[in-house]
**Q** 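Could you have a look at this structure, given as structure tokens, before my questions?
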2 protein chains.
Amino acid sequence: MNDKTVKRKNLSEEVASRIKSYIIENSLRMGDRLPTEFEFAELFGVSRVIIREATKALGFLGILNSAPKRGLTVGEVDMKRVTQYLGFHFALNDYPREKLLKTRMILEVGALGEVIEKMARDPEIYSRFRGIISTLETSRDADEFIRHDMEFHRALIEASDIDPLVAFNDLLDVFFRRFREEILEVQGDWKVNVQGHRNIIDALRDGKLTEAQELIRLHLSNYKKAD
Amino acid sequence: MNDKTVKRKNLSEEVASRIKSYIIENSLRMGDRLPTEFEFAELFGVSRVIIREATKALGFLGILNSAPKRGLTVGEVDMKRVTQYLGFHFALNDYPREKLLKTRMILEVGALGEVIEKMARDPEIYSRFRGIISTLETSRDADEFIRHDMEFHRALIEASDIDPLVAFNDLLDVFFRRFREEILEVQGDWKVNVQGHRNIIDALRDGKLTEAQELIRLHLSNYKKAD
DNA sequence: TTGATAATATAATAATACAATATGAATGAT
DNA sequence: ATCATTCATATTGTATTATTATATTATCAA
């Protein structure tokens, strides 16, 4: 983390950074104990209030937990926490959807190259996709359909086995949930796109990379409509 | 945000929730002013410390900003925040270099499609790249070379004008700096690759997308060696 | 008008005190 | 000896108060 060089406004952010560094440098894992608030205060030479502000902020992100007597412990870093907040964020400001869409296309199109290899070696992957698609078909309402659609796209990235991509994709999904909802409001008939999903994975199964990539592009460009 | 029903451990989380609600209910937009810390303290009937912990945490997430005299204001979406968090995530779970490399390839290869369009419309971009490459050539030592190499790759992504990609790329750069240093230790002659850069941007200028993509793949796969 | 300067509002930090609570040890009952 | 209970203690949680830093606004002089 090259956070040190960057200008930092206030102490608590600085401290939060240092606490993160502390975790990394001591290679603490989830559940491990950190120094107490008081010890941190002494270690960094700041008041306990500042330590609290920092730990609170980190706590919000799930980076650490705190409890009386137990003290501070390293939390589980998961995307859900952050996406929850981002979701709020994005409710306030609308980020240019076109850029998000392009980002997503790049990720998915890029992932396909890996997915196609993995699928060739492991037929199980194909049937997993079939499973998800069948849940798409049997969805009772739009909300359920959206959930399964998101699941499908996540599975696609996951199948590439490149976890940084998965993490990034999870973040983007926050935006896309909104898009999906908007789209469905407009186009009413939400089941229309099931075949599109099937075409993609069939192309992958048959080793037709460029075709699959083209299909994904087409599929994703549906989100463009609601302008 | 249906946060109200959920069990909440401590006051500051509760307060943070209420502040979020406040923003929504008054439909505040980015840059709008919130009550002062003191007013919030009175409004919610808690101490100012609690308000601070909450606002700090929200500030940390970019949901609001604070400055003396100006007070609290609603923040704007900042991809940097997101990636900062992701960066921590990556640091904790040390992803194998191979996956990071693949991620990077996907980003850059994907970005090229946009870059090529932008370049066709704006010749200035090409000469900017030429400038960076010439600094590569005149680098005096390995460290300087690395800096300019990173600059080149960043400029490549930046030229796509897709900021989420840029943010994500910056994040990966932390790791790649390490890679680069390792590589250079091994291969000694660090100026060897300048022509590779030139080929890439020339291909882009000539509108040869697939060729440029192939060149990038080749270029990046240099990092694979130091296994 | 312009530029500097002072006043003021507000966040930033600190010190301190006490309350609440989970943990683990000590105690006691069976 | 084993299990449950109690209790002391460490640590976070909350509150109060004071001081400092800083950005905005108002004032005044050139």
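Throughout, a chain's letter reflects where its sequence line sits, starting with A, and its residues are numbered from 1.
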**Q** Would you mind checking if A:Arg140 and A:Glu144 are paired as a salt bridge, meaning a charged N to carboxylate O distance below 4.0 Å?
**A**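 Salt bridge absent between A:Glu144 and A:Arg140.
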
**Q** So, does the side chain of A:Arg70 form a donor-acceptor pair with the base of C:dG24 at under 3.5 Å?
**A** no

**Q** Send over the distance from A:Leu11 CG to C:dA11 P, rounded to a whole Å.
**A** 17 Å

**Q** Could you check how far CD of A:Glu42 sits from P of D:dT11, rounded to whole Å?
**A** 12 Å

**Q** Find the distance B:Glu53:CD to C:dA12:P and express it as a whole number of Å.
**A**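 Value for this atom pair: 14 Å.
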
**Q** How close or far is atom C1' of C:dA14 from atom CD of A:Glu37, stated in whole angstroms?
**A** 15 Å

**Q** Taking the side chain as every heavy atom from C-beta outward, state whether A:Leu64 and A:Leu34 have any pair of such atoms under 4.5 Å apart.
**A**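 Yes, side chains in contact.
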
**Q** Can you tell me if the side-chain N/O atoms of A:Ser12 get under 4.0 Å from OP1 or OP2 in C:dA12?
**A**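 No.
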
**Q** For A:Phe40 and D:dT11, give me the distance from atom CZ to atom C1', rounded to whole Å.
**A** 14 Å

**Q** Establish, from distance only, whether the side-chain atoms of A:His153 and A:His219 form a donor-acceptor pair under 3.5 Å.
**A** yes

**Q** Round to the nearest Å and state the distance from B:Arg48 atom CZ to C:dT10 atom C1'.
**A** 8 Å

**Q** Would B:Phe60 and A:Phe60 count as a ring-ring contact (aromatic ring centres under 6.0 Å, His included) if you check the C-alpha gap in whole Å, the side-chain angles of each, and the deciding distance to 0.1 Å?
**A** CA-CA 9 Å; B:Phe60 205 74; A:Phe60 271 63; 9.9 Å; no

**Q** Whole angstroms only, please: what is the CZ-P distance between A:Arg33 and C:dA22?
**A** 15 Å

**Q** Taking NZ, NE, NH1 and NH2 as the nitrogens, is one of them in B:Lys118 or B:Asp122 under 4.0 Å from a carboxylate oxygen of the other?
**A**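 Salt bridge: no.
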
**Q** From C-beta outward on B:Arg52, which listed nucleotide comes closest to its side chain: D:dT14, C:dA11, C:dA14?
**A** C:dA11

**Q** 5'-most contact on DNA chain D: A:Lys69 or A:Lys56, nearest heavy atom basis?
**A** A:Lys69

**Q** Grab the CG-C1' distance between B:Asn65 and D:dT22 for me, whole Å please.
**A**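 Answer to the nearest Å: 16 Å.
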
**Q** Output yes when at least one side-chain N/O atom of B:Ser66 is less than 4.0 Å from OP1 or OP2 of C:dT10, else no.
**A** no

**Q** In terms of side-chain heavy atoms of B:Pro68, which of D:dT14, D:dT11, C:dA11 is nearest?
**A**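 Closest nucleotide among those given: C:dA11.
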
